[in-house]
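Scroll down for the structure; my scribbles are underneath it.
What you see below is based on every heavy atom in this structure, not just the backbone, and it leaves out hydrogens, waters and symmetry mates.
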Amino acid sequence: MDGFIDQTTGGVTELRVHGVSGTPPAGILDHPHPRLVAGDGTTGFYRRWWAGGRPTGEHPDVPGVRRREAYAWGNLTSGGRTIALWLLLLPFSLANLSYFMLPRPAGGARLRHAVEAAQRLFGLLLTGTLVGAVTLASVDLIGWQCTAAGRACTYDTAPVWVHWLGALWGDEPSKRLAVTAVPPLLVVVLLWWIARRTWLRDERVVPPASEWRAGPEVGPLLARPRLWHGAAPVWRLRVVHVAYAIASIGLAVSAPFAGTPAGLALTLANAGLLLAAVVLAALPSIARRLDPHSGRRTPPWLTFACHALRVGAPLAFLATVGAALAGLPYSGAVTRQLPGVGFGTVQFVLTVGIGVFILAGTCALARMERPSGRRALGGVAAWFTLMLAAGSANVLALGLLFWTATFFGVPGTSAHPAHLAAHPAPLGRKLFLDDPVWWTAALVPLLVLGLAAVAVVLYLLRRAEAARLAPELKAYYGQRDDAGVVAGKWALASLTDRAGLLLAVVTGIGVAGFAAVTVIYALRLLTPDGGIAGLLASAGSWAMTAIVIGLVLLGRRTYSDTRLRRTIGILWDIATFWPRAIHPLSPPCYTERVVPELMSRVGALARTGGDQVVLSGHSQGSVIAAALALQLRPAIRGRVRLLTHGSPLRRLYAPFFPAYFGDGGLAAVRDAVPWSNLYRLSDPIGGSVFRRVDPFTCEPDAGAVDRFCWDPLPPGPGEPLPEARWHSGYWLECPYHEELSRLIAVKPAA
């Protein structure tokens with residue numbers, strides 16, 4: 001290759017790890033010509049290339065002495081086109097986050113294991129919620145209702161791809177159900193394919209045994225190698241979830257015909273598979289992770305059970321659909337909605353019961369824990385996040401049901417005053433949804449009002465904080481207007497510390513409203529088809545329909561727009577840092593690939609005692625670097641330095657994930673490697689890690705980890721106020737290079 005690129009590994013390497021939004025290698029290196037030196041197009045290590053030959057000037061790469069390298073991992077979350085489908089999997093990602101928010105007191109292992117089993121069951125029910133919505137939309141609204149003789153899909157104006165069902169089998173419901181069971185099955189297959197594809201790509205990456213150190217059973221959780229080694233447990237959980245989803249579709253087809261011997265046998269078979277999936281999901285060993293290269297193995301009976309479930313669910317589904325296509329007689333009374341065996345009620349009761357148990361267990365664990373730092377939502381953030389997952393799943397599910405009913409006919413409540421046989425005329429275009437569906441829709445306007453109230457509170461908090469800061473900043477920025485502008489920027493960035501308030505309000509309104517709806521429906525106090533209740537339900541139904549349509553349109557645009565994929569990828573950069581411990585069908589954990597790759601690379605760059613690697617992590621990259629530092633072997637740690645900037649470790653990770661990034665975890669990182677952290681008060685994401693330096697009253701300690709950076713810088717005489725850099729551009733500032741030089745000069749402890 002013409003030009004110059006440093007291919008050596010000896011000496012000092014500044015290894016930069018980017019944060020959210022998939023910063024390209026040119027931006028990480030601050031150089032227009034990056035070249036791949038290790039890795040591939042998905043994740044890779046890049047160095048600077050100079051077309052004119054060996055460089056001169058500031059911070060050049062010098063073979064065998066010093067170089068700058070970048071690790072780009074953003075394509076894992078924003079590079080592929082399938083990210084367009086990830087938007088619908090947000091509830092699953094939130095369920096995984098809730099697992100790592102759970103308090104882990106030393107004396108509460110048994111209770112914690114019970115709560116973790118309940119979390120896995122709740123994740124299984126989330127799968128049932130979304131797949132069940134597709135099943136109801138297809139099998140009930142279209143297969144049972146719309147294509148029945150005399151109903152909306154038999155009219156000449158109906159779409160041709162459903163009209164033929166009513167014209168051909170209008171009086172044979174089993175055949176209609178068999179055909180309409182195919183779309184939800186395809187959805188499950190798509191979820192399985194995406195999950196398996198990313199599992200093969202990311203979660204099966206394991207570096208050589210020489211790079212792993214023996215994982216202790218005690219000590220910081222981030223130091224345990226099994227945390228990033230989830231190939232086997234994720235496979236087992238995926239089998240359970242896919243089997244549960246397929247069996248639930250089969251049950252929807254067979255349950256209406258349970259009055260016949262064949263229908264009863266198929267119903268029992270599908271119900272048995274559902275029960276088997278529930279039992280397996282509750283077992284602690286189903287999700288247990290083992291240290292790589294430890295020689296420990298999963299119990300053979302568990303692997304056999306997963307294989308049996310993986311084969312049994314598709315076979316039962318094929319038998320159900322085959323029998324339905326051959327014709328199953330229906331001997332029950334004609335009903336407006338798909339009859340069943342109470343599976344929806346059972347799932348609802350389980351969801352409520354498990355949610356209450358998780359709340360009680362999490363509160364008990366939080367009381368047993370003795371934290372030394374701030375905890376989000378009093379230590380019960382895991383439960384709040386799980387409820388947010390349930391709420392978002394219901395919004396997507398009900399939005400799909402309302403959209404389907406609106407597209408093919410007119411949505412109606414189950415309290416509609418007509419029986420099919422007595423009043424056939426009004427039922428022509430009516431597609432009926434259960435009353436709980438309408439009551440849940442009525443909660444959406446209340447949530448909007450709650451969010452509006454939170455926005456007002458945050459605005460007032462920002463004004464108060466800006467008013468407090470402005471007089472102190474006036475001495476540094478001189479002009480009154482400049483001080484006020486900077487105070488407004490700093491006050492706006494401080495609102496991130498109120499993230500728990502937003503989560504608490506949204507969850508609180510949702511849970512309180514859900515409880516009220518349950519009581520109203522159980523006691524039959526009101527019907528959602530008139531008055532203020534009907535108005536709220538109608539408004540909510542249109543809002544949820546709009547949300548689903550908006551997500552579909554956004555996903556379609558994301559599929560072809562690279563820039564938009566990077567923007568949407570910010571959400572997954574944060575949500576998928578943690579492994580798939582609860583829900584295996586969620587977007588993949590990129591850290592299970594990133595950490596092993598970085599371990600191997602750092603080992604290659606720090607082979608001898610004369611080599612040094614400065615891990616420079618920005619934003620989410622600082623979280624990756626901190627987790628990596630505790631995974632390295634002690635011999636390698638002595639050759640590693642840590643430089644973080646814009647880091648959310650203390651601000652977001654410590655309050656929400658105290659078991660991993662609390663005081664103990666962060667102190668372990670500080671003890672493991674020399675560390676420097678840069679932060680600004682204008683940064684809405686990053687902050688100090690240990691002690692916030694007061695820029696108005698004192699200078700930072702010489703040996704402190706945290707160093708404050710002014711932003712924007714005070715202008716010179718007659719100059720305008722510089723633009724604020726907010727969360728970006730730390731490695732362009734003088735403090736960055738000063739701390740980099742200081743860390744390189746630091747010698748390892750004896």
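- Residues Phe45 and Leu598 form a side-chain contact, since some pair of their non-hydrogen atoms from C-beta on lies under 4.5 Å apart.
- Of the possible donor and acceptor atoms, none in the side chain of Thr362 sits under 3.5 Å from a partner among the backbone N and O of Trp383.
- Between atom OG1 of residue Thr545 and atom CG of residue Leu398 there is a gap of 9.5 Å, rounded to the nearest 0.5 Å.
- Nearest approach of Ala281 to Leu124, heavy atoms of both residues: CB-CD2, 4.1 Å.
- Shown here are the side chain to side chain contact (heavy atoms under 4.5 Å, CB included) partners of Ala276, two or more places apart in sequence or in another chain: Leu309.
- Under the side chain to side chain donor-acceptor pair (under 3.5 Å) criterion, the residue pairs touching residues 230-243 are Thr127-His241, Arg236-Thr298, with sequence neighbours excluded.
- For the pair Ser600 (side chain) and Pro596 (backbone), a donor-acceptor distance under 3.5 Å is present.
- Put simply, the side chain of Arg651 gets close to the backbone of Gly686: a donor and an acceptor are under 3.5 Å apart.
- Of the possible donor and acceptor atoms, one in the side chain of Thr351 sits under 3.5 Å from a partner among the backbone N and O of Gln347.
- Of the possible donor and acceptor atoms, one in the side chain of Gln631 sits under 3.5 Å from a partner among the backbone N and O of Leu222.
- Not a single donor-acceptor pair under 3.5 Å links the side chain of Arg47 to the backbone N or O of Glu69.
- Note that CG of Leu400 is 9.5 Å distant from CG of Leu136, once rounded to the nearest 0.5 Å.
- Each of Trp73, Tyr730, Trp731 was compared with His18 under the ring-ring contact (aromatic ring centres under 6.0 Å, His included) criterion, and only Trp73 meets it.
- Two residues are said to be in side-chain contact when any heavy atoms from C-beta on lie closer than 4.5 Å; Tyr46 and Val37 fail this criterion.
- Heavy atoms only, all atoms of each residue included: Ser138 and Pro183 are closest at OG-CG, 3.6 Å.
- The shortest distance between side-chain heavy atoms of Ile246 and Val131 does not fall below 4.5 Å.
- With sequence neighbours excluded, no residue satisfies ring pair (Phe, Tyr, Trp, His ring centres under 6.0 Å) with Phe122.
- Under the 3.5 Å distance criterion, with hydrogens and angles disregarded, no donor-acceptor pair is assigned to the side chains of His583 and Asn96.
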**Report entry** Verdict with reasoning, Thr496 to Ile685, per side chain to side chain contact (heavy atoms under 4.5 Å, CB included)
**Finding:** CA-CA 7 Å; Thr496 304; Ile685 297 175; 5.6 Å; no

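- Using modelled atom types, no side-chain atom of Arg310 and backbone atom of Val239 make a donor-acceptor pair closer than 3.5 Å.
- Side-chain contact between Trp199 and Pro588 is absent, with no heavy atoms from C-beta onward closer than 4.5 Å.
- Atoms CG and CG, on Leu190 and Leu186 in that order, are 9.0 Å from each other to the nearest 0.5 Å.
- Between Trp578 and the choices Phe656, Tyr590, Phe657, the ring-ring contact (aromatic ring centres under 6.0 Å, His included) rule is met once, by Phe657.
- Atom OG1 of Thr129 sits about 11.0 Å away from atom CZ of Phe348, to the nearest 0.5 Å.
- Side-chain contact check for Ser619 versus His727: some heavy-atom pair is nearer than 4.5 Å.
- Asn75 and Thr43 are not linked by any side-chain donor-acceptor pair at a separation below 3.5 angstrom, with hydrogens and angles left out of the test.
- Tyr71 pairs with exactly one of Arg16, Arg601, Glu597 by the side-chain hydrogen bond (donor to acceptor under 3.5 Å, both in side chains) rule, that one being Glu597.
- Residues Ala282 and Ala117 approach most closely at O-CB, 3.5 Å, considering heavy atoms.
- Heavy-atom minimum distance, Ala316 versus Asn270: CB-OD1, 3.9 Å.
- In this structure, Leu76 and Thr42 have side chains that are in contact, with non-hydrogen atoms separated by less than 4.5 Å.
- Heavy atoms only, all atoms of each residue included: Val115 and Ile358 are closest at CG1-CG2, 4.3 Å.
- Taken to the nearest 0.5 Å, the CG atom of Leu121 stands 4.5 Å off from the CD1 atom of Ile354.
- Looking at Arg68, its side chain never comes within 3.5 Å of a backbone N or O of Leu15 through a donor-acceptor pair.
- A distance of 6.0 Å or more separates the ring centres of Tyr660 and Tyr653.
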Query raised in the report: Do Leu221 and Leu227 pass the side chain to side chain contact (heavy atoms under 4.5 Å, CB included) test, and can you show the C-alpha distance, the side-chain angles, and the key distance before you say yes or no?
Result: CA-CA 8 Å; Leu221 295 175; Leu227 179 62; 5.9 Å; no

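- With Tyr99 as the aromatic partner, Arg104 meets the cation-pi criteria of under 6.0 angstrom to the ring centre and within 45 degrees of the ring axis.
- Counting heavy atoms from C-beta on, the side chains of Ile582 and Glu116 never come closer than 4.5 Å.
- Put simply, the side chain of Trp403 never gets that close to the backbone of Ile549: no donor and acceptor are under 3.5 Å apart.
- Residues Val623 and Pro648 have side chains in contact (heavy-atom distance under 4.5 Å, counting atoms from C-beta outward).
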Requested in this report: For Leu615 and Leu643, run side chain to side chain contact (heavy atoms under 4.5 Å, CB included): C-alpha distance rounded to whole Å, both residues' side-chain angles, the deciding distance at 0.1 Å, then the answer.
Outcome: CA-CA 6 Å; Leu615 285 171; Leu643 175 57; over 6 Å; no

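- The residue from Arg289, Arg226, Arg580 that alone fulfils the salt bridge (Lys or Arg N to Asp or Glu O under 4.0 Å) condition with Glu592 is Arg289.
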Requested in this report: Take Ser248 and Leu274, measure what side chain to side chain contact (heavy atoms under 4.5 Å, CB included) needs, and give me the verdict at the end.
Outcome: CA-CA 7 Å; Ser248 68; Leu274 286 171; 4.2 Å; yes

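- Side-chain contact, Ser647 with Ser622: a donor N or O sits under 3.5 Å from an acceptor N or O.
- The distance from atom CG of Leu251 to atom CG of Leu273, rounded to the nearest 0.5 Å, is 10.0 Å.
- Ring to ring, His645 and His618 are close: their centroids are under 6.0 angstrom apart.
- Looking at every heavy atom in both residues, Leu237 comes nearest to Ala581 through CD1-O, 3.6 Å.
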